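Model, not experiment: these values are computed from the prediction. Each chain gets a letter, A, B and so on, in the order its sequence line appears, and its residues count up from 1.
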Number of protein chains: 4
Amino acid sequence: MDIGTRRDSGKHTAILQAAIQVISQAGYHNAQISRIAREAGVADGTVYLYFKNKEDLLLSILRKAIGEVVLQLEQALPTEKTAEWKLRRIVEIYFQDLSRDPALAMVTQVHLRQVDAELRRQVGDIMKPFYNLLDGVIDQGVREGVVDGAISHRIARRMIFGTMDETVTAWVLTGSKYNLPALAPEIVRVLLYGISRRDDVKEEVTL
Amino acid sequence: MDIGTRRDSGKHTAILQAAIQVISQAGYHNAQISRIAREAGVADGTVYLYFKNKEDLLLSILRKAIGEVVLQLEQALPTEKTAEWKLRRIVEIYFQDLSRDPALAMVTQVHLRQVDAELRRQVGDIMKPFYNLLDGVIDQGVREGVVDGAISHRIARRMIFGTMDETVTAWVLTGSKYNLPALAPEIVRVLLYGISRRDDVKEEVTL
Amino acid sequence: MDIGTRRDSGKHTAILQAAIQVISQAGYHNAQISRIAREAGVADGTVYLYFKNKEDLLLSILRKAIGEVVLQLEQALPTEKTAEWKLRRIVEIYFQDLSRDPALAMVTQVHLRQVDAELRRQVGDIMKPFYNLLDGVIDQGVREGVVDGAISHRIARRMIFGTMDETVTAWVLTGSKYNLPALAPEIVRVLLYGISRRDDVKEEVTL
Amino acid sequence: MDIGTRRDSGKHTAILQAAIQVISQAGYHNAQISRIAREAGVADGTVYLYFKNKEDLLLSILRKAIGEVVLQLEQALPTEKTAEWKLRRIVEIYFQDLSRDPALAMVTQVHLRQVDAELRRQVGDIMKPFYNLLDGVIDQGVREGVVDGAISHRIARRMIFGTMDETVTAWVLTGSKYNLPALAPEIVRVLLYGISRRDDVKEEVTL
DNA sequence: GATGAATGAGTGTTCATTCAT
DNA sequence: AATGAATGAACACTCATTCAT
């Protein structure tokens, strides 16, 4: 069922888009294949020509979303020299990409969690490249001397991802009303320096 | 946990415990009422004498878990004077409580997210008291001058909760093998000061 | 379970009345024993001290209703001399009794039909005495020369009962708003002479 | 009966026939969809491709039965000139149609009554056309001078329908053993002239 | 007699998936 | 490739009835 890179007559994309719309509105368990098919303008059976099953459809959405973020990051990060500025770009691009398609964000942030153990493992695989990028930046930060080498990489990564994740989820659940990317600078500030007051700031975080 | 309350000849508690076990293993959508009932040693119908429906059973688990954390925090926090130490106690107690019952943690961290919009609202209501405690500590921190008043309360709270949540979820999904509470000091350190290197540290974070 | 004639502390009657009320409103299949018990002010189990099961409860209602009608007819009919006047009394008393307790009428006319084959046989047994009364009057009518002996007794009886039944059911289903006994004279007229015009009437039907 | 229409490869008809058979034997509340499906040779789910739900299946049976009677009456009645002969045709055709399919008669006469209030309203709607036909004939009878204009139309209609209904129900409950249409002439006689003896008969009712 | 907590059998309906065309 | 009619497994919840107290 690996259709490959050719997207045929656009049906692959149409079904994926329809799935994002339907799932974002109704949730994974209430998103019937028949409704997704109708929305995409194809027959029920056609969905199974492009996706192995409903679960695969959900994972494909995540792959697409994370794939795009990673792709953009791979292009943008080399531009930045310091780890600090790379982290800044990560948060910005992550927020920008997700805020560009609220329905997609709703699916990845909320409905994707509504799945069972087996699926969760695959979600981890898909997130890998993104986690690796984060780890790379933390590494560089330590080498540069701006990130505390004593902090566990795992903990650092989880704080960064956990904070971004919680922020996007809150944004999505409150209706995607405010400007998400605008929060990036303040987020980066707490990631770098925590919530503590800093009188000794020389070069303040600006954007 | 709530030992001795034993209302209704212990059936209420038995069903709740059985639900935690079954849901933690199979997930909410795969946890049949009949299986929970069997595990609890009661008839299917008996479940409905103690809980309104399956959803109510799930919410009761969260209520129990969060209720206990909040209860302990309300007793412990007044003991601590500074906001910093209060934050420290929050992370410690949160980690300790959840690590005491990995199955319960699995349910609240993973399976509880597998629910639809209507339920999500109720989850928010249950979490309210915990969020309020966090806000209170942040407030105090600002007044004490240790927390940066320029940082949005919302963002601060989301970083704190997002980081703890991500940490517990990762612990639970990797099999609850390592000592979760032992991570508390390092977590508090990144919450307070971020990931940045701090040469200017006068009084380092210790425990 | 034959409690006999003694009605103990009135619980037998209380449960029967409660059943009439609950079934008339909710229908047989929606009338839970627990609700009938609550309405009667007794425990669920107590219902089974006075009635074999739910079905028996329903039959008891019919027995009570038909029993009262038959009792009254057995007292009133001997008073009337001619078959014509006896028929008149039958319709009058049948209508009067049912209109006295609309809830009871609702149960016997509507909800009692919502039962299965086995029960239906028993309903027939209960109706027997009433049918016998009808047959007796028809017999007498033939002997008196006012009823056409050529008409099958069965057909005559079904016309009489079918017409009364349809009339009462219509009355009950439209909310028991109008005066049912007031229809008796006209009903008797069509039972005796059909719907045809009668120019040759010597002694018209009056009341 | 509607032979040749055969829509949907006959599955619609097959399910309807299976439902008539199963319900006539077991009653509405004991007729499981799975049993009807098996009897029709289709999967359970297939029933729901042709009928909205179990209730809709029951109403479809009545619609089919009454629809056929009304159709035949609409063709036959214009043939008859007088109201008397039209009434005769109504009884004949009603009896003939129902006696042609005893299982169908069992469902409409007995099991259809086993339903709740909401359904009952819809039953009324379906019966409307038949009631209207009866009213039309009574009207004509009054105009012709053979029906007593002083008799309430409602009462006349209820006597006619109540008598037919009671007759068919009795026939069906006793095993559909005797010839139902053969009773038509005698039934018409009691509808027209009641049970009274008629010495003054000039042109007696014959068939 | 009276209670009411506990039982557990019973079923309409949905929907992901298949496959003959 | 595309269709969509057909499939059938799966399950939360109700409620008449029982029985230990």
key: Complement of E:dT21, any strand, by Watson-Crick or G-U distances under 3.5 angstrom   = F:dA2

ask   = Of D:Asp44 and B:Gly41, whose closest DNA chain E nucleotide lies nearer the 5' terminus?
value = B:Gly41

query = Between C:Gly45 and D:Gln32, which has a closest nucleotide on DNA chain E that is more 5'?
reply = C:Gly45

query = So do B:Leu57 and B:Tyr50 actually touch side chain to side chain, heavy atoms under 4.5 Å?
reply = no

task = Would you check if C:Ser60 and C:Leu16 make a side-chain contact, meaning some heavy-atom pair closer than 4.5 Å?
result = yes

Taking OP1 and OP2 of [N], is either one under 4.0 Å from a side-chain nitrogen or oxygen of [X]?
X       : N      : answer
C:Lys11 : E:dA2  : yes
A:Lys54 : E:dT17 : no
B:Tyr50 : E:dA6  : yes

request  = Scan B:Ile33 against the nucleic acid and name what it touches under 4.0 Å (heavy atoms): base, sugar-phosphate only, or nothing.
outcome  = sugar-phosphate

task = Name the nucleic acid region contacted by B:Val47, choosing base, sugar-phosphate or nothing; use a 4.0 angstrom heavy-atom cut-off, strictly under.
result = nothing

Rounded to the Å, how far apart are [X] [atom1] and [N] [atom2]?
X       : N      : atom1 : atom2 : answer
A:Glu55 : E:dT17 : CD    : C1'   : 14 Å
D:Arg38 : F:dT7  : CZ    : P     : 14 Å
A:His29 : E:dA16 : NE2   : P     : 11 Å
B:Asn30 : F:dA9  : CG    : C1'   : 14 Å
B:Ile23 : F:dA12 : CD1   : C1'   : 14 Å
C:Ile15 : F:dT17 : CD1   : P     : 14 Å
B:Ile36 : F:dA12 : CD1   : P     : 8 Å
B:Asn53 : F:dC11 : CG    : P     : 17 Å

query = Do the numbers put D:Lys54 on top of the ring of D:Tyr28, so that NZ or CZ is under 6.0 Å from the six-membered ring centre and no more than 45° off the axis?
reply = yes

ask   = Which class fits the ring pair B:His29 and A:His29: parallel under 30°, tilted 30 to 60°, perpendicular over 60°?
value = tilted

Intermediate values then yes/no, salt bridge (charged side-chain N to carboxylate O under 4.0 Å, His left out), A:Arg35 and A:Glu39 = CA-CA 6 Å; A:Arg35 193 168 149 201; A:Glu39 193 91 355; 5.6 Å; no

remark   = Checking E:dG12, F:dT7, E:dT3 against the side chain of C:Thr46 (C-beta onward), the nearest is E:dT3

query = Which one, E:dT18, E:dT3, F:dC13, comes nearest to the side chain of A:Tyr48?
reply = E:dT18

query = Between D:Val42 and C:Ser34, which has a closest nucleotide on DNA chain F that is more 5'?
reply = D:Val42

